[in-house]
2 protein chains.
Amino acid sequence: MARRAQGTAAGLSRERIADAAVALVDRDGLERFGVRRLADELGVDPMSIYHHIKGKAALLDAVSEAVLAEVAAATDDTSRDWEEIARRTAHGYREMAYRHPRVFPLLATRAQTSPVALIALERLVTAMREAGLPEQVVADAPMTLFGFLNGYLLAVLSGESGEDTGTPAIDADTYPTMAALAPLQAGYGSVAEFDRILGTVLGRVQDRAARGGTR
Amino acid sequence: MARRAQGTAAGLSRERIADAAVALVDRDGLERFGVRRLADELGVDPMSIYHHIKGKAALLDAVSEAVLAEVAAATDDTSRDWEEIARRTAHGYREMAYRHPRVFPLLATRAQTSPVALIALERLVTAMREAGLPEQVVADAPMTLFGFLNGYLLAVLSGESGEDTGTPAIDADTYPTMAALAPLQAGYGSVAEFDRILGTVLGRVQDRAARGGTR
DNA sequence: TTTGCTGAACCTACACCGTAGATTACGTGG
DNA sequence: CCACGTAATCTACGGTGTAGGTTCAGCAAA
């Protein structure tokens, strides 16, 4: 609010800006997020931000990177077992998604090429390779795992973080089967549910490996 | 461009607007899409659109609905075999995604409650139920199938539709395994690849069914 | 101490956006 | 022939991202 005079240090830095941006998106959502609002939050002129980050796109990149860094920090890397690594990464990813449901669409939409993402993937595929899994299976693993993680979490969180929290409650007359099934879909955000589905995905990977890989 | 005088009919309708919006997003991308640009494209005052569609959010809903309708139209519903239905729906969905790569993020992000989406799901789960599959398996099917479809297609298309089509070509020194695997990931986007992964997902559903369902 | 430079912060300005509210005129039913 | 609903336009407001210029604390060399 009270902006300092020109030339006075405001203690801005890429990291401080990114953290504030994450907090702002968490609070108000992606729609309402903007450079000016972020500047207000930091008690700073909008243009000051541009001295540390090139533009709004780069700002969103920084947000992605910040929450991904959380995952990396929370995942301990003591294990060498690829399935253990995959499980821990997936659970860490899920927890981050629940911590920042309104940031998550950003991650699912943009291709992840940031170092922190690549390091995690490199660790996973290296472990898989050392375990002797067929090359093609290893090559497909990132896409298989994160493709599903993104799709699943996006669907589960879309109700969780929605601006308007009104589940329309599908019409039982026109969609009888869907309505009948609704109670069975009640437990959809639970860890148990997640772990079960994750297990089937990893099980599939192992099946392919056992069969010898390519097809 | 040449706007007519006030009161003169411009032949606008929800459908015509939605079609033009889809074309505009296809051409310029979601970032550049806006009410004013759409109005320009239609040769119409921006506010005229508001007489047919409530606001920008509703406009994007209309876009989603329009492309989903394409899928429904292209998928013939002669079969009663649930696996056949799932396959055809999935392939139709994929083709739509490739036809409108810049619209697709919209579908993956927003929860689908439009009639056209619900009708397709109702058909699928009804067929599965009639085939005698366990209730919980049927209940999980929509999430399993579309969760994966969305995640996978989002990842594959993010390179396809990118505003800047520069694949960064990961550094072979810092990420040796990832770099070594890159050639094996070349064919990502092909129908064959898609069908293979789809097969594993459907195979998983059948496995669960054979084992008796819940767990 | 004085000088001059660097860079981080601010200020101004512009083009654009979504949309609320008022106005206009065509086509139709009475 | 006239009133009216409707579909279009016009005007205006507050908000956005950001290019370009300005200001000034802090520091290094003279």
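Chain identifiers are assigned alphabetically (A, B, ...) following the order of the sequence lines, protein sequences preceding nucleic acid strands; residue numbering begins at 1 within each chain.
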Asks: Using atom NE2 of A:H51 as one end and atom P of D:dT22 as the other, report the distance to the nearest whole Å.
Replies: 14 Å
Asks: When the side chains of residues 56-73 of chain B are checked against the rest of the protein, which donor-acceptor pairs come out under 3.5 Å, sequence neighbours left out?
Replies:
from: B:D61; atom 1: OD1; to: B:R110; atom 2: NH1; distance (Å): 2.4
from: B:S64; atom 1: OG; to: B:L60; atom 2: O; distance (Å): 3.1
from: B:E65; atom 1: OE1; to: B:R14; atom 2: NH2; distance (Å): 3.4
from: B:E70; atom 1: OE1; to: B:R99; atom 2: NE; distance (Å): 3.1
from: B:E70; atom 1: OE1; to: B:R99; atom 2: NH2; distance (Å): 3.1
from: B:E70; atom 1: OE1; to: B:H100; atom 2: NE2; distance (Å): 3.1
from: B:E70; atom 1: OE2; to: B:H100; atom 2: NE2; distance (Å): 2.9

Asks: B:Y93: which residues meet the ring pair (Phe, Tyr, Trp, His ring centres under 6.0 Å) condition with it, sequence neighbours left out?
Replies: B:F104, B:F146
Asks: Scan residues 180-194 of chain B for pairs that pass salt bridge (Lys or Arg N to Asp or Glu O under 4.0 Å), counting only residues two or more places apart or in two chains.
Replies: B:E193-B:R196
Asks: Return a single string for nucleotides 12-18 of chain D, one symbol per nucleotide in 5' to 3' order, where B is base contact, S is sugar-phosphate-only contact and - is none, cutoff 4.0 angstrom on heavy atoms.
Replies: B---BBB
Asks: Whole Å only: how far is the CG atom of B:D40 from the C1' atom of C:dC16?
Replies: 12 Å
Asks: Once you round it to whole Å, what is the distance between C1' of D:dA7 and CZ of B:R16?
Replies: 13 Å
Asks: Nearest whole angstrom, please: distance from the P of D:dA7 to the CZ of B:R14.
Replies: 15 Å
Asks: Strictly by ring pair (Phe, Tyr, Trp, His ring centres under 6.0 Å), give each pair with a member in residues 175-200 of chain B just once, sequence neighbours left out.
Replies: B:H91-B:F194, B:Y152-B:F194
Asks: Nearest-Å distance, CG (B:L42) to P (D:dA7)?
Replies: 16 Å
Asks: Do A:T200 side-chain atoms and A:I197 backbone N/O form a donor-acceptor pair below 3.5 Å?
Replies: yes
Asks: Could you state the atom-to-atom distance from CD1 of A:I53 to P of C:dA8 in whole Å?
Replies: 13 Å
Asks: Could you give the side-chain donor-acceptor pairs of residues 115-123 of chain A under 3.5 Å, partners two or more places apart or in another chain?
Replies:
from: A:E122; atom 1: OE1; to: B:M178; atom 2: N; distance (Å): 3.0
from: A:E122; atom 1: OE2; to: B:T177; atom 2: N; distance (Å): 2.9
from: A:E122; atom 1: OE2; to: B:T177; atom 2: OG1; distance (Å): 3.1

Asks: What's the CD1-C1' distance between B:I49 and C:dC17, to the nearest Å?
Replies: 13 Å
Asks: Specify the separation, in whole Å, of atom CG of B:D45 and atom C1' of D:dC10.
Replies: 7 Å
Asks: Report yes if at least one side-chain N or O of B:H52 is closer than 4.0 Å to OP1 or OP2 of D:dT6; otherwise report no.
Replies: no
